[in-house]
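For reference, the structure is listed below as C-alpha cells.
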Amino acid sequence: MTEEKFLIGSATAGGQVEGNNTNSDTWAQEYMKTGGYKEPSLDAADHYHTYREDIRMMHEAGLNAYRFSFEWARIEPEKGKFDEKEMNHYLDMVDACREYDIEPVITLLHFVCPKWLITEGGWEADTTPDYFARYVEYVAEHLKGKNIRYIVTINEANMGTLIAGYLEKIMRHTDGAGLQIGMDLEKMAEQQEMTKKENLEVFGVENAAVFTSPRSAHGDEIVCTAHKKAVEVLHRILPETKVGLSLSVRDLQYTEGGKENADKDWEKDFLHYLPTIENDDFFGIQTYTRAIFSAKGEEDPAEGMPVTQMGYEYYPECVEHVIRRVHESFKGDLLITENGIATDDDTVRIRYIETALNGVMKCREEGLPIKGYLYWSFIDNWEWQSGYTMQFGLVSLDRENQIHTPKPSLAFLGSYTKSDRRK
Ligand code: BGC
C-alpha cells in the first residue's frame, strides 16, 4: 500500500448525482403521490456519464480523495441477479480515480436500495442483513487487487432512528392532540391510509421500510447486523482495506440544566453504536452543525444566528468538537466523511471550510487519528426531499445543458493539499 497521505477531497452519493437509478426504491418513491419528494431526480448531475471529467476536475483543483457510492440497485437490480456491466462501471470509476491520483473512498450503501429489497420487507426485515452481505461479497470479490484504503459500509446508519426521534418530538410538542403546530390528526390518518395503499401498489407491501423511513428498535438492530456482516465479509476478502460506517452526529451543547438532555441524544446518536463498531478500523464522522439543549430539550437557533439554506445554524466549529468527542470513546481512525454547507454565497462556503479545516488540523497536530476531510458535496445536487433547491456544491450544475462549473471553493479546498502549512 502506498504511503498514507492526509485525504482532502469531496463526497457525493449515486442517488443524488448519477441520475436514472431506475431500479431503486428512491426512484419509485420519487414518482409516488405519497413519496414525499419535492421533485424527481431525473438526470441529476449526469455523473453516471460525466465521472471521468468530474474526477479530472477534482485533480486539477488539487483534491486527492473522492468519496462516492456504489449503487446496489444497479449492481443487483433483481434479487440474486448481479449485473456485471454495472459493476464494471464502478470499477472504472475507481480506475479513473487512480489515473488522476485521487484516493477512492467507497460507500456501499448511501440510503438508496433496490426496489425489490423493500418488497422483501426492507430495513425492518430479518432477511435484509444477509441480502446486504451477499451484495457486499459480490462487490468485494471485484475489488480484489484494487488496493482500496477505505470502505464505508453504510452511510449514516442512524438516519432512520434520527427521523423516528424527530417525528416523536413533533408529536410530543403537540401534547398528542396535534393542536399546537396546527396538525390535523384526521388528515394525518387519511394520509397514512393513502400511503399504505400506494405502497401496496408500488412495492407490494403496506409499509415501505426504506432506509430513511422512521426506524423501530428492531430495525436499528437489523442495520447494525447488516453492518457487522459486511465488515466480516470485507475483512475476509479485502484484508488490506479499512472498513467502517458513518453516522450523522451533531455537536451537542447545552445551557444550564440541559446536560442530561444533550447526553441522552449523544447516547442515542453515537454511544449506542459503540458495540456495533468496535471491530471497525475507522469511523466516518458526518457533521454539519451544533444543537443546543436546555432543561426543556433542544432549542431552536437563537434569533439572529446565521443559518444555512437547510435552516440549521452556520457552525463549522462542530467538526473539531465532534472529532474530540468521538475520540473519547472510539480509538480507531477517524475520517470526516461529510461536512459542508448549503449556501448560494461561495465566499461563505470558503469561510466555512476554512474554519472546519482549522479545527481538523488542530486535532491532527495534537496527534488525534484524523485521516482526512471530505467536503459535502462535490457538486450541487439532488438533496433528497428538498429536490434541487440546496447548493452544497464546490461545483455548480447547469441542469439544462449539463455543464459543471467549478466555484472558487473547489480550488480553495484543493489548496490544502498543496501548501506546506496545511500538509
Ligand atoms: C447525507 C447526504 C445529504 C447531506 C446534506 C447527509 O445527511 O448523507 O446524502 O445530502 O447530509 O443534507
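Start at 1 and go down the list; that is how both ligands and their atoms are numbered.
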Below a 4.0 angstrom heavy-atom separation, can you tell me which part of Asn155, side chain or backbone, both or neither, approaches ligand 1?
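Side chain only; the backbone of Asn155 stays clear of ligand 1.
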Taking heavy atoms and a distance under 4.0 Å, where does Met310 meet ligand 1: side chain, backbone, both or neither?
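Near ligand 1, Met310 shows its side chain, while the N, CA, C and O stay back.
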So if I count the atoms of ligand 1 from 1 in the order they appear, which ones are less than 4.0 Å from some heavy atom of [X]?
X      : answer
Gln286 : 8 (O)
Glu383 : 3 (C), 5 (C), 10 (O), 12 (O)
His110 : 1 (C), 2 (C), 8 (O), 9 (O)

Would you say the rings of Tyr51 and His89 are close, in the sense that their centroids are separated by under 6.0 Å?
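Yes - the distance between ring centres of His89 and Tyr51 falls below the 6.0 Å cut-off.
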Can you pull out the closest protein heavy atom to [atom]? Residue, atom name and distance to 0.1 Å, please.
atom                   : result
atom 4 (C) of ligand 1 : Tyr288 OH, 3.3 Å
atom 7 (O) of ligand 1 : Glu156 OE1, 2.6 Å
atom 1 (C) of ligand 1 : Glu338 OE1, 3.3 Å

Compute both the distance and the angle, then confirm whether Arg250 meets the cation-pi test with Tyr288: under 6.0 Å from the six-membered ring centre, within 45 degrees of the axis.
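Cation-pi check for Arg250 and Tyr288: fails.
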Can you tell me which residue among Asp281, Asn279, Thr241 is in a side chain to side chain donor-acceptor pair (under 3.5 Å) with His235?
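Exactly one option meets the side chain to side chain donor-acceptor pair (under 3.5 Å) with His235, and it is Asp281.
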Looking at every non-hydrogen atom in both residues, tell me the closest pair between Cys363 and Ile323 and how far apart they are.
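Here Cys363 and Ile323 meet closest at SG-CG2, 3.9 Å.
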Determine the minimum heavy-atom distance between His47 and Tyr66, stating which atoms define it.
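For His47 versus Tyr66, the nearest heavy atoms are NE2-OH, 2.7 Å.
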Please determine whether a side-chain nitrogen of the Lys or Arg among Glu99 and Arg52 lies less than 4.0 Å from a carboxylate oxygen of the Asp or Glu.
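Salt bridge: yes.
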